[in-house]
Asker: 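One structure follows; several queries about it will come next.
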Number of protein chains: 2
Amino acid sequence: MSAPIDFYFDFSSPYGYLASGKIEALAAKHGRGVDWHPILLGVVFKKTGAVPLTEIPLKGDYARRDMARSAKFHGIESFRMPSTFPIATQAPARIVLWLKNRDPVLAIAVAHALYRGFFRDDIDISNPDTATAIAAGCGADAAAARAAIDDPAVKDALKSETAQAIAAGVFGSPFIVVDGEPFWGVDHLDQVDRWLATGGW
Amino acid sequence: MSAPIDFYFDFSSPYGYLASGKIEALAAKHGRGVDWHPILLGVVFKKTGAVPLTEIPLKGDYARRDMARSAKFHGIESFRMPSTFPIATQAPARIVLWLKNRDPVLAIAVAHALYRGFFRDDIDISNPDTATAIAAGCGADAAAARAAIDDPAVKDALKSETAQAIAAGVFGSPFIVVDGEPFWGVDHLDQVDRWLATGGW
């Protein structure tokens, strides 16, 4: 199996959620794994001067419409915009990063559960106790997960992950890198698919 | 035949150029025509606070790479980034708007020729005489086309077209509206295709 493809995402990113449900099957189709990178888009946006999509005049109204429409287009019927949006995503990101080093398979299951919690069930995963409860529901150790959120080493790991993402050119979510080639957005999954099949064009 | 679909574009928009080569066949496949709306993205950006894509940190580098890659992905091999970019697009936009009322078929041919001039042949179509020469090459009256660029009535028409686009929610290029449903970007042509086929989902 070749090297995994890199999947960068923020837990508050609707398009990241849509891509998260498709990326593993897409990679597996081409014999590839996925390296999941939770990042903080707010830190990235400070670098690019961007603001959250839904807060931009005209574009914000379109984005809300496009998010719901794109969810259906991609066959993810259960998507709904959370009642509080955007949210801070340190808690879910730190849990997933902490788990990655201990149980990478469980880390991905937890990432899916956290994303579903926010974009399907309207659960506020910015709350550390809530994010912990979701991780525990997947089989993670609740006390250790809750402690990880406040662990300086895990905090540093998330800062480092986000800094490395920026260094790799990441400026949005979802962001996918295949053998050094960058792709931004769930609407680029068709290009990712062809790139994986052909090695470029 | 149902009402035409609306195609908004700026002559300095690479993704607009890519979409311009596909939009007519896509509409025709569903028995629809295309109403071409040249607009000034600079005026739109003042409304949304946006800046040209290629000038944004990180995103700019990605955009240049994605433009060339997306051109090939969409089968438009001849695309090349112009040596001067972005450019002011009043001259080409005014010529096309002026022609639309006189010879709508010729107006579309001229729009294609202007776009190809800029994104295939690296010709600076911001120059009024150059834009006029391209239009004349398609069969437009050269003196009348050149005069139209400086005609206050045509200038007002372009202002009005851009203002109406903003009122319709347009914030980027290409921007396609199908029976009131807005789609942004060449990477949404697949959604436009399905929307035209199904009337929505």
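Quick note: numbers below take in every heavy atom, side chains included, and nothing from hydrogens, waters or symmetry partners. Labels below follow one simple rule: chain letters A, B, ... track the order of the sequence lines, proteins then strands, and each chain is numbered from 1.
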Asker: Where on B:Arg69 is there a heavy atom nearer than 4.5 Å to chain A: the side chain, the backbone, both, or neither?
Answerer: both
Asker: Kindly compute the distance separating CD (A:Glu181) from CG (B:Asp66), expressed to the nearest 0.5 Å.
Answerer: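 Rounded to the nearest 0.5 Å, the CD-CG separation comes to 9.0 Å.
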Asker: Side chain from CB out, backbone as N, CA, C, O: work out which of these in B:Leu58 comes under 4.5 Å of a heavy atom of chain A, or both, or neither.
Answerer: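 For B:Leu58, heavy atoms of backbone and side chain both lie under 4.5 Å from chain A.
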Asker: Using a 4.5 angstrom heavy-atom cutoff, name the option from A:Pro182, A:Gly185, A:Gly169 with the most pairs to chain B.
Answerer: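 Highest number of heavy-atom pairs under 4.5 Å: A:Pro182.
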Asker: Would you compute the distance between atom CD of A:Gln191 and atom NE2 of B:His74 and round it to the nearest 0.5 angstrom?
Answerer: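 Interatomic distance, A:Gln191 CD to B:His74 NE2, rounded to 0.5 Å: 6.0 Å.
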Asker: Write down the atom of B:His188, the atom of A:Ser70, and the distance for their closest heavy-atom approach.
Answerer: NE2-OG, 4.1 Å
Asker: Side chain, backbone, both or neither: which part of B:Trp195 has a non-hydrogen atom closer than 4.5 Å to chain A?
Answerer: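 Looking at B:Trp195, just its side chain touches chain A.
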Asker: What closest approach, in Å, do B:Arg194 and A:Lys72 show between heavy atoms, and which atom pair accounts for it?
Answerer: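 Looking at all heavy atoms of both residues, the shortest contact is NH1-O, 4.3 Å.
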Asker: With a 4.5 angstrom heavy-atom cut-off, is it the side chain or the backbone of B:Asp61 that approaches chain A, or both, or neither?
Answerer: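 Contact with chain A is absent: no heavy atom of B:Asp61 under 4.5 Å.
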Asker: Got more than 12 heavy atoms from elsewhere within 6.0 Å of NZ, B:Lys155?
Answerer: yes
Asker: Work out which heavy atom in A:Tyr62 is nearest to a heavy atom in B:Trp184; give both atom names and the distance.
Answerer: OH-N, 2.8 Å
Asker: Can you say whether B:Val170 sits under 4.5 Å from chain A via the side chain, the backbone, both, or neither, judging by heavy atoms?
Answerer: backbone
Asker: Would you say that more than 12 heavy atoms from the other residues, nucleotides or ligands in this model lie under 6.0 Å from the CH2 of B:Trp36, or not?
Answerer: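 Above 12, so yes.
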